[in-house]
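Okay, so here's the structure we're looking at.
When a residue number appears, it is its place in the shown sequence, counting from 1.
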Amino acid sequence: MATTTFEAVRAEALFASDLQCSQSPARGEIRAAVAATLRRMGVRGCAARVAGEFGDHPETAVARMAWALAQVRATYPGASRTIQAIRARRSVAA
């Protein structure tokens, strides 16, 4: 499955948040953490945090990003289908 821009931004925000996979956060907690982290750090700040962690701790950053992406996909399931539908309509119209 290809990652959409929305998924990537949300996953980076969750990665940069204080939530831990060991907490087994609920969907509401994930949504709140993503929103709060984006408000606090912005899209670029989240991306910078992710880049820094991959540079400093690649052995743990890979697992955290995999967790973050899986949680985002489970929490926001309709987003990727919406993007795919828009892309499909654009390609038919072209």
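Contact record, Gln71 with Pro25: OE1-O, 4.5 Å, taken as the closest heavy-atom pair.
Residues Glu7 and Tyr76 are not in side-chain contact: their nearest non-hydrogen atoms beyond the backbone lie 4.5 Å or more apart. Taking the side chain as every heavy atom from C-beta outward, Cys46 and Leu38 approach each other to under 4.5 Å. Contact check for Gln20 versus Arg64: side-chain heavy atoms found under the 4.5 Å cut-off. For the pair Leu14 and Trp67, the minimum side-chain heavy-atom distance is below 4.5 Å. Side-chain contact check for Gln23 versus Glu29: every heavy-atom pair is 4.5 Å or farther apart.
A continuous path of Ile, Leu, Val, Met, Phe, Trp and Tyr side chains, each step under 4.5 Å between heavy atoms, connects Val43 with Val72, placing both in one hydrophobic cluster. Leu19 and Val9 fall within a single hydrophobic cluster, where Ile, Leu, Val, Met, Phe, Trp and Tyr are joined by side-chain heavy atoms under 4.5 Å apart, directly or via other members.
The CZ atom of Arg40 sits 8.0 Å away from atom OG of Ser17, with the distance rounded to the nearest 0.5 Å. Annotation: the span from Arg10 atom CZ to Thr75 atom OG1 amounts to 9.5 Å, rounded to 0.5 Å.
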Only distances under 3.5 Å count here; give the side-chain donor-acceptor pairs of residues 49-63 to other protein atoms, sequence neighbours excluded, each with its distance to 0.1 Å.
unit_1	atom_1	unit_2	atom_2	d
Arg49	NH1	Ala16	O	3.3
Thr60	OG1	His57	O	3.2

